[in-house]
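Here the structure is laid out as structure tokens; the discussion comes afterwards.
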Amino acid sequence: MHFLAIGECMAELAPSSSAGQFSLGYAGDTFNTAWYLRKLCPAGTVSYFTAVGTDSVSAQMLGTMADAGIDTRHIVRIPGASVGLYLIVLKDGERSFSYWRDTSAARRLAEDETRLATAMEAADVIYFSGITLAIIGAAGRATLLAALRAARAKGKTIAFDPNLRLRLWPGAEEMTAAIMQGAGVSDIVLPSYEDEASFFKDADTEATADRYLQAGAKTVVVKNGPAAVHYRHGAEVGAVAIAPVSDVVDTTAAGDSFNAAFLAGLERGRSLPDCIAVASQVAGLVIRGKGALVPLDLAGIAL
Ligand code: ADP
């Protein structure tokens, strides 16, 4: 399999063990999914598509991706631009996030239509998110959605996590309209119920699945924190219970890692309930660790 994720990876400054010190890392929703897929699918190719600058931090980010085994050859480099940054502050055990991403190179990832098409051409499965759609603006969205539509028509599988983040959008109406367009070019939609209920007023997980099936998706998997995952695939309907995790350390990337393990399961030809069961086991490990990219001990998981 050749898997391609499209979106924004940012520099991350996270508090280190000594007070006032921060450590530099790299993370972002679609990148996290690519990183977990790399661990879960050692045999395939995992590519990331974004835009970065030509400065040192951009070069370091690309180096870190390559060291993780992620193919960076399609990534656009924009002279004079740089990557987005976020800072994690810990106060009384609670994490808060501040972002500097308004002028990041990734906002321009859809400007180079040829590179985008070339990256998609090489892929079998293409993954993007509502955050990808949010950061690239209306013109970028038109380009990206057209490219995804064309890729789908050529038989590529398109997977989408709506990842609703209102603060990245001019308003809720623009966000929900664009998310439905994203679902409209996708085969697989992987929403989280809590977000969907607040912005689409879905009464239950079934309503979320219905809405995305009506938009054109073939498979919808509705995550719901520690509650059961509801799925639909044509006439196939079901729910998979989650083993609740009592020692949660940090829920960052729960959904991102779930999506990676789910797609890895599909790639192995597993049934939908099996893919969901494995995905929730992987997400369950990720939320027991600190940060977005948690080293996984997969020994107890039947991948
Ligand atoms: P997101 O990170 O996108 O908000 P969710 O909170 O819905 O996503 O969680 C994604 C997945 O992570 C869930 O489907 C589940 O498998 C796992 N998960 C999240 N919270 C818990 C929890 N408290 N216990 C066990 N699994 C959890």
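We count ligands from 1, going down the list as the structure has it; atoms in each ligand are counted the same way.
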To check your reading of the model: name the closest protein heavy atom to atom 2 (O) of ligand 1, its residue, and the distance in Å. Gly255 N, 3.0 Å
Which atoms of ligand 1 have any heavy atom of Ala243 under 4.0 Å away? 25 (C)
With Arg211 as the cation and Phe200 as the aromatic partner, state whether NZ or CZ is under 6.0 Å from the six-membered ring centre and within 45° of the axis. yes
Heavy-atom distances under 4.0 Å decide this one: backbone, side chain, both or neither, for Ala279 against ligand 1? neither
Could you tell me whether Ile287 approaches ligand 1 through its side chain, its backbone, both or neither, with non-hydrogen atoms closer than 4.0 Å? side chain
Below a 4.0 angstrom heavy-atom separation, can you tell me which part of Val245, side chain or backbone, both or neither, approaches ligand 1? both
Are the side chain of Arg152 and the backbone N or O of Ser186 linked by a donor-acceptor pair below 3.5 Å? yes
Minimum-distance protein heavy atom relative to atom 12 (O) of ligand 1: Ala283 CB, 3.4 Å
Heavy-atom contacts under 4.0 Å between Ser280 and ligand 1: side chain, backbone, both, or neither? both
Shortest reach to atom 26 (N) of ligand 1 by a heavy atom, considering only Asn224, Thr252, Ile242, Val229: Ile242
With no hydrogens and no angle check, do the side chains of Thr45 and Asp71 hold a donor and an acceptor under 3.5 Å apart? no
For Asn224 and Ala227, indicate whether the former's side chain and the latter's backbone hold a donor-acceptor pair under 3.5 Å. no
Is there a donor-acceptor contact under 3.5 Å from the side chain of Arg95 to the main chain of Leu90? no
Taking the ring of Phe160 and the ring of Tyr127, is the distance between their centroids below 6.0 Å? no
Of the protein's non-hydrogen atoms, which lies at the shortest distance from atom 23 (N) of ligand 1, and what is that distance? Pro226 CB, 3.7 Å
Among all the protein's non-hydrogen atoms, which is closest to atom 20 (N) of ligand 1, and how far away is it? Gly225 C, 3.7 Å
Which residue owns the protein heavy atom closest to atom 3 (O) of ligand 1, what's the atom, and how far is it? Ser192 OG, 2.9 Å
Less than 3.5 Å apart, any donor N or O on the side chain of Tyr193 or Asp202 sitting next to an acceptor on the other? no
pair Val76-Arg108: side-chain heavy atoms closer than 4.5 Å: no
